[in-house]
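Below is one structure, written out as structure tokens; the observations come after it.
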Amino acid sequence: MTNKWAKFSLPLFLSLLVFNGCSSGASDSAVPGTGTVDTRGTAAADNKDAGPLSIDVMTSFTNTIPKLDNAFYTELQRLTNTKLNITFVLDGNDYNAKLDLVLASGDLPEVLKADYTRPTLVNAIKDGAFWDLTPFLGDFSKYPNLRDKMIPGSWSYVKYDGKTMGIPRSRAQIDNTIMFRRDWLEKANIPVPKTVDEFKDALKAIVKNNPAGGNGTIGYDIADATGSPSLNAAFGVPNPTYDTDGGLMYSYLNPQFTKLVEWFRGLYAEGLIAKEFSALTVTQQKDLFSSGRAFAYDASAYYSFVYTDNVKKTQPDGNVVSFQPLKGPGGEGAMLDIGTRGGMYISKRVPQDKVSKILDFFEKTATQEITDLGYYGKEGVHYNNVNGEKVLTDLGKQEITVDSISAMTPAYSKWGKVAYAGASKAANEAKQKEMEIYGQIGKTDVFGYLYSPTWVDVWPTYEAELKSMRIKAVVGQITMDQYKQFVDKVNADPKIKKAYQEFAKDNKSRTNK
């Protein structure tokens, strides 16, 4: 295969090198398993005597980069009869920068994870960088788990021009919530906020009381103004918004998001978020909260259990709980995931006869057995069965995280981002009951899957500058009027307006099905 599809200019390619946030999980030390492979529902039985299947994967990660010879990955490789050489890259901007770099270079791993509508991915698909999986999957008779255990509708997200170009990665829809330190509220005699305005008042009081001591208390722990799905929902950012021509406006360019940027500007001016917030990595964000420096943080609901355990190490009274959805100017602050987190795409450099074998691996990870391994680990190693409950061991708490499924296509699990193996059955049931409201009223952002060919071409022109202008507006380096003028300029671009028309058409075609 040639590199003709890599459309980046040399200056852009070199600039992307600056953002190479790659970390590797010591792939040379991966230990292949030698046990019997469970081949239910797959074609793997035909290859079980061929030795472990080696697969090079690039995927995102939000926690400490693991070693591939740890107990979890050793078991995953044993059960799937694979040798996984995984490149882990920090999630968020680091991952997107690395993804863009890899796609620009043409030196692709065999499998990589990417968001469905990432412009660089779509361009690479158009230019033949990945296998069309349609003929391999056929009627899915060889892949019943991939057919039946993905969240309904998710296969449409990986279709481009009618061709199935990737494998969707199922995940729980009930996910993010703003979690906070209840013990700090109680000690300061502050009522639990129910609205975004009350939340801001609580942030002021907490920061003033400074319960963290030392270098001071961080009020709301964010990375940038897009880093709070719950507040996005409260401000109506995901509410479909149309321009004067009937085009569907991109979420981060609609008027609701501008209001949220202005609201964050107020937080920053009053010292309620970290001064260096825009430079924080996902790991640094988590550390600020889990170490007891910050009051509130937006994350997967099950983290309230994890962070309570963490803060208790230095603050024995620590108690992290979740807000009920905060009411804001745009409605209830409950965001639902679209039910998948990007797809896995198989590079054209993979020989044709190996594509089916890689699909066999993903069919296997979609079984309940491997999905449970991803969420709980191995019995007797990562957890013990105590009175019918899976109780995590110390090793389990270290190795089993939200990222354990990052190289897999797991089966759909409603409570996968709410329940925690380290908590009791009663605690998990209480958490699920608490989060049920999110499933009832939560909003989804259609831009997690809508496609516009014009957007793919024009968005890279503005993406970095929009982020920069957003941060400048929050920290006060430019006025809100200047920020609004920039947003207006972007929205007035004829190509952007054309993209909005395409988004509206794509959205209508999906909602009418």
Side-chain angles (χ1 to χ4, degrees), residues 59-64 66 90-92 95 113 115 151 169-182 220-223 226-234 238 280-290 294 296-311 319-326 333-342 371-372 374-377 392 396-408 410-423 427-439 442-445 448:
T59 188
S60 59
F61 217 77
T62 60
N63 291 284
T64 303
L90 285 177
D91 202 3
Y95 189 77
K113 175 230 167 196
D115 291 337
I151 191 165
R169 298 182 63 251
S170 286
R171 61 176 285 138
Q173 289 183 292
I174 302 175
D175 188 352
N176 275 76
T177 174
I178 297 178
M179 52 195 63
F180 66 100
R181 292 288 300 273
R182 182 189 289 276
Y220 194 32
D221 183 13
I222 63 168
T226 63
S228 180
S230 301
L231 286 181
N232 282 356
L280 295 176
T281 65
V282 174
T283 300
Q284 289 169 331
Q285 275 183 273
K286 290 184 173 183
D287 288 346
L288 271 180
F289 190 73
S290 65
Y297 180 50
D298 199 336
S300 297
Y302 88 93
Y303 269 118
S304 62
F305 295 116
V306 178
Y307 292 146
T308 293
D309 289 343
N310 288 346
V311 298
N319 184 21
V320 177
V321 299
S322 300
F323 283 126
Q324 287 293 283
L326 297 173
M335 181 72 86
L336 288 179
D337 196 271
I338 63 173
T340 73
R341 184 49 53 91
T371 299
D372 286 348
Y375 285 117
Y376 300 102
L392 285 187
K397 292 178 181 179
Q398 175 185 334
E399 291 188 359
I400 306 303
T401 70
V402 68
D403 295 310
S404 300
I405 60 172
S406 63
M408 298 162 47
Y412 172 66
S413 173
K414 178 178 180 179
W415 300 114
K417 299 298 181 181
V418 175
Y420 175 53
N428 275 321
E429 288 177 348
K431 191 70 176 176
Q432 290 167 15
K433 184 177 180 180
E434 174 186 304
M435 293 297 295
E436 190 73 55
I437 185 66
Y438 283 76
K443 308 170 186 178
T444 57
D445 188 347

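The chain is numbered in sequence order, starting from 1.
Checked against salt bridge (Lys or Arg N to Asp or Glu O under 4.0 Å), R169 has no partners two or more places apart in sequence or in another chain. Residues satisfying the side chain to side chain donor-acceptor pair (under 3.5 Å) criterion with Y303, sequence neighbours excluded, are N63, K286. Under the side chain to side chain donor-acceptor pair (under 3.5 Å) criterion, D372 pairs with Q368, sequence neighbours left out. The salt bridge (Lys or Arg N to Asp or Glu O under 4.0 Å) check on D298 picks up nothing, with sequence neighbours excluded. Partners of Y376 by ring pair (Phe, Tyr, Trp, His ring centres under 6.0 Å), not counting sequence neighbours: none found. The salt bridge (Lys or Arg N to Asp or Glu O under 4.0 Å) search around K431 returns E434, not counting sequence neighbours. Under the side-chain contact (heavy atoms from CB on, under 4.5 Å) criterion, A430 pairs with no residue at all, not counting sequence neighbours. Residues satisfying the side-chain contact (heavy atoms from CB on, under 4.5 Å) criterion with E429, sequence neighbours excluded, are K425. The side chain to side chain donor-acceptor pair (under 3.5 Å) check on S300 picks up D175, with sequence neighbours excluded. Applying the side chain to side chain donor-acceptor pair (under 3.5 Å) criterion to D445, with sequence neighbours excluded, gives S251. Residues satisfying the salt bridge (Lys or Arg N to Asp or Glu O under 4.0 Å) criterion with D337, sequence neighbours excluded, are R171, R341.
Side-chain contact between L326 and S230 is absent, with no heavy atoms from C-beta onward closer than 4.5 Å. Between K443 and L336, every side-chain heavy-atom pair lies at or beyond the 4.5 Å cut-off. Using a 4.5 Å heavy-atom threshold, the side chains of F180 and V320 count as separate.
If you take OG on S322 and OH on Y302, they are separated by 13.0 Å, rounding to the nearest 0.5 Å. The structure places CD1 of I338 at 8.5 Å from CD1 of I151, a figure rounded to the nearest 0.5 Å. The structure places OG1 of T64 at 12.0 Å from CD of E399, a figure rounded to the nearest 0.5 Å. One finds the OH atom of Y412 at 11.5 Å from the OG1 atom of T340 (value rounded to the nearest 0.5 Å). Rounding to the nearest 0.5 Å gives a distance of 10.0 Å between OH of Y220 and CZ of F289. Atoms OG and CG, from S60 and D403 in turn, are 7.0 Å apart once rounded to the nearest 0.5 Å.
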- Task: Start with the C-alpha gap between N176 and M335, add the side-chain angles, then the distance that decides, and say whether side-chain contact (heavy atoms from CB on, under 4.5 Å) holds.
- Result: CA-CA 7 Å; N176 275 76; M335 181 72 86; 5.5 Å; no
- Message: For D221 and L280: C-alpha separation, side-chain torsions, deciding distance, then whether side-chain contact (heavy atoms from CB on, under 4.5 Å) applies.
- Response: CA-CA 10 Å; D221 183 13; L280 295 176; 4.2 Å; yes
- Please lay out, stage by stage, how I178 and Y297 fare under the test side-chain contact (heavy atoms from CB on, under 4.5 Å). CA-CA 6 Å; I178 297 178; Y297 180 50; over 6 Å; no
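Side-chain polar atoms of T177 and Y438 form a donor-acceptor pair below 3.5 angstrom.
Between A427 and F305, the shortest heavy-atom contact is O-CZ, 3.7 Å. In terms of heavy-atom proximity, S413 sits nearest to A172 at O-CB, 3.2 Å. Nearest approach of S404 to G374, heavy atoms of both residues: CB-O, 3.2 Å. Here the shortest heavy-atom pairing between Y375 and I400 reads O-CG2, 3.3 Å. Between A334 and P325 the shortest heavy-atom distance is CB-CG, 3.9 Å. Shown here for S304 and T308, the closest heavy-atom pair between the two residues is O-OG1, 2.8 Å.
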Show me the donor-acceptor pairs within less than 3.5 Å that the side chains of residues 414-421 make with the rest of the protein, sequence neighbours left out.
| unit_1 | atom_1 | unit_2 | atom_2 | d |
| --- | --- | --- | --- | --- |
| K414 | NZ | E436 | OE2 | 3.4 |

